[in-house]
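Atom set for the values below is all heavy atoms of this structure, side chains included, hydrogens, waters and symmetry mates excluded.
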Amino acid sequence: MLTTRQTTYIAIFVALILTVLAYYPGLHGPFAFDDTTNILQNKALVMHSLGWDQLSQAMLSSDAGPLKRPLSMLSFAFNIYFGGLHPLGFKITNLIIHLLCGVLFFILLRQITRYWLDKGILQSPAAVFWLPVLCASAWLLHPLNLTAVLYIVQRETSLCSLFILLGCVVYALARLRQLSGKPGWLLLYIGTAVTGALSVLSKETGLLLPMYLLVIELCVFRFSSASKPWERGLAVFYGLFLWLPFI
């Protein structure tokens with residue numbers, strides 16, 4: 001007899017396999033549209049060594065956005081360095097990023113549904129299993145994500161999403177630790193700052209991370225806390241990471 005945890009692992013593994021099968025035909029497609037100017041014609045992405053001069057040249061080789069999206073450009077440069085300019089390697093990397101996003105989405109939903117079960121918002125323990133699995137599977141296979149995987153240059157979007165989802169997971173973990181009476185300030189501040197910086201350096205839409213965290217707070221945790229200092233601390237957190245940049 002399989003345990004609930006084993007069944008969960010099997011279910012999400014099946015969802016990942018189905019996603020790979022769904023995207024497999026498109027992995028053999030060519031470069032398209034902006035891939036030409038951003039990758040094929042970008043000579044700075046062709047690194048001959050992993051020295052800092054070559055790495056920094058590759059990272060700053062884009063004119064897209066004020067920050068030049070250095071992490072995304074560096075990932076393209078690594079694809080060329082280790083696998084040449086064949087589009088298959090680029091698309092496999094994009095697919096791996098998409099699968100990791102799906103796993104993080106699943107983890108985030110598990111955190112939320114378990115909290116809701118503990119609070120009595122969800123009455124059925126089965127929902128803690130099925131809701132994250134079904135929602136993550138639907139997200140992994142949804143056609144909306146097609147271009148972020150098979151349109152190579154749109155890795156900028158999926159890589160940014162990866163770090164945004166990681167930031168949401170870290171934030172939820174910190175809040176759950178706080179609600180159980182454990183320390184979580186360091187995880188909350190440092191985790192949000194690091195994942196936020198990584199997402200912004202992938203694409204500027206990473207600036208939306210604090211807004212997503214606020215939505216999670218309003219809809220899930222509702223500024224609940226084990227002590228008054230935590231309430232003041234959350235006010236400082238959102239003042240620092242959301243309201244101050246917004247102003």
Query raised in the report: Between L165 and V169, is any pair of side-chain heavy atoms under 4.5 Å apart?
Result: no
Requested in this report: Before giving the answer on side chain to side chain contact (heavy atoms under 4.5 Å, CB included), spell out for S199 and L159 the whole-Å C-alpha distance, their side-chain angles and the decisive distance to 0.1 Å.
Outcome: CA-CA 7 Å; S199 61; L159 194 60; over 6 Å; no
**Report entry** Side-chain touch T192/P210, heavy atoms, less than 4.5 angstrom
**Finding:** no
Query - Which residues share a ring-ring contact (aromatic ring centres under 6.0 Å, His included) with F129, sequence neighbours left out - result: none
Query raised in the report: G206 and C160: which non-hydrogen atoms are nearest, and at how many Å?
Result: N-SG, 3.3 Å
Query - M47 side chain reached by I80 side chain, heavy atoms, under 4.5 Å - result: no
Requested in this report: Applying ring-ring contact (aromatic ring centres under 6.0 Å, His included), name anything that partners H28, two or more places apart in sequence or on another chain.
Outcome: Y24
Query raised in the report: Taking only residues two or more places apart in sequence or in another chain, which ones pass ring-ring contact (aromatic ring centres under 6.0 Å, His included) with F76?
Result: none
**Report entry** Enclosure of K68 NZ (heavy-atom neighbours >12, cutoff 6.0 Å)
**Finding:** yes
Report task. Take F241 and V236 through the test side chain to side chain contact (heavy atoms under 4.5 Å, CB included) and record every step on the way to the result. Result -> CA-CA 9 Å; F241 287 103; V236 172; over 6 Å; no
Query raised in the report: What side-chain hydrogen bond (donor to acceptor under 3.5 Å, both in side chains) pairs are there with at least one residue in residues 36-57, not counting sequence neighbours?
Result: N42-S61
Report summary line: Quick note, side-chain hydrogen bond (donor to acceptor under 3.5 Å, both in side chains) partners involving residues 121-139, not counting sequence neighbours, are none
Query raised in the report: Are I121 and Y115 side-chain neighbours, meaning at least one heavy-atom pair lies under 4.5 Å?
Result: no
Requested in this report: Verify, without hydrogens or angle tests, whether T19 (side chain) and L141 (backbone) share a donor-acceptor contact under 3.5 angstrom.
Outcome: no
Query raised in the report: So, for A58 and A77, which heavy atoms are closest and what is the spacing to 0.1 Å?
Result: CB-CB, 3.7 Å
Query raised in the report: So do L108 and L104 actually touch side chain to side chain, heavy atoms under 4.5 Å?
Result: no
**Report entry** Closest contact, heavy atoms only, G167 versus L213
**Finding:** O-CD2, 4.0 Å
Report summary line: Sequence neighbours excluded, the answer for side chain to side chain contact (heavy atoms under 4.5 Å, CB included) partners of V215 is C219
Requested in this report: Search all heavy atoms of H98 against all heavy atoms of L140 and return the closest pair with its distance.
Outcome: NE2-O, 2.9 Å
Query raised in the report: Between I107 and L99, is there a shared hydrophobic cluster once you connect ILVMFWY residues whose side-chain heavy atoms come closer than 4.5 Å?
Result: yes
Query raised in the report: For the hydrophobic clusters of this structure (ILVMFWY residues joined by side-chain heavy atoms under 4.5 Å, transitively), does one cluster hold both L214 and I164?
Result: yes
Query - Linked, directly or transitively: W116 and L134 (ILVMFWY side chains, under 4.5 Å) - result: yes
Report summary line: Residue pairs meeting side-chain hydrogen bond (donor to acceptor under 3.5 Å, both in side chains), one or both in residues 145-166, sequence neighbours left out, come to R69-E156, S75-R155, N79-R155, N94-R155, Q154-T157, T157-K203
Requested in this report: If a pair satisfies side-chain hydrogen bond (donor to acceptor under 3.5 Å, both in side chains) and one of its residues is in residues 206-215, list it, with sequence neighbours excluded.
Outcome: none
Report task. Evaluate the side-chain proximity of L209 to Y171: yes if any heavy-atom separation is below 4.5 Å, no if none is. Result -> no
Query raised in the report: Sub-3.5 Å donor-acceptor pair from the side chain of R177 to the main-chain atoms of G184, do we have one?
Result: no
Query raised in the report: For L150, what residues pass the side chain to side chain contact (heavy atoms under 4.5 Å, CB included) criterion, not counting sequence neighbours?
Result: Y23, L27, K91, L146
**Report entry** Co-membership, hydrophobic cluster, residues L187 and I112, 4.5 Å side-chain
**Finding:** yes
Requested in this report: Kindly indicate whether the side chain of L131, heavy atoms from C-beta on, has any atom under 4.5 Å from the side chain of L109.
Outcome: no
Query raised in the report: To which residues is L21 joined in a hydrophobic cluster, defined by side-chain heavy-atom contacts under 4.5 Å among Ile, Leu, Val, Met, Phe, Trp and Tyr, whether direct or through other members?
Result: F13, I17
Report summary line: Applying ring-ring contact (aromatic ring centres under 6.0 Å, His included) to F163 and not counting sequence neighbours gives none
Query raised in the report: Checking side chain to side chain contact (heavy atoms under 4.5 Å, CB included) for the pair F106/T8: CA distance, chi angles, key distance, verdict?
Result: CA-CA 10 Å; F106 168 78; T8 302; 3.2 Å; yes
Query raised in the report: Just how far is it from atom OG of S62 to atom CD1 of I39, taken to the nearest 0.5 Å?
Result: 10.0 Å
Query raised in the report: Mind checking whether L242 and F237 have side chains closer than 4.5 Å, heavy atoms only?
Result: no
Query raised in the report: Is there a path from L60 to L198 through hydrophobic residues (I, L, V, M, F, W, Y) whose side chains come within less than 4.5 Å of each other?
Result: no
Query raised in the report: Could you walk me through whether V194 and I190 pass the side chain to side chain contact (heavy atoms under 4.5 Å, CB included) check?
Result: CA-CA 6 Å; V194 171; I190 301 300; 4.0 Å; yes
Query raised in the report: Which residue pairs pass the salt bridge (charged side-chain N to carboxylate O under 4.0 Å, His left out) test with at least one member in residues 210-223, sequence neighbours excluded?
Result: R175-E217
Query raised in the report: What is the minimum heavy-atom distance between P70 and L67, and which atoms define it?
Result: CD-O, 3.2 Å
Requested in this report: State, to 0.1 Å, how close D35 and V153 come at their nearest heavy-atom pair, and which atoms those are.
Outcome: OD1-N, 2.8 Å
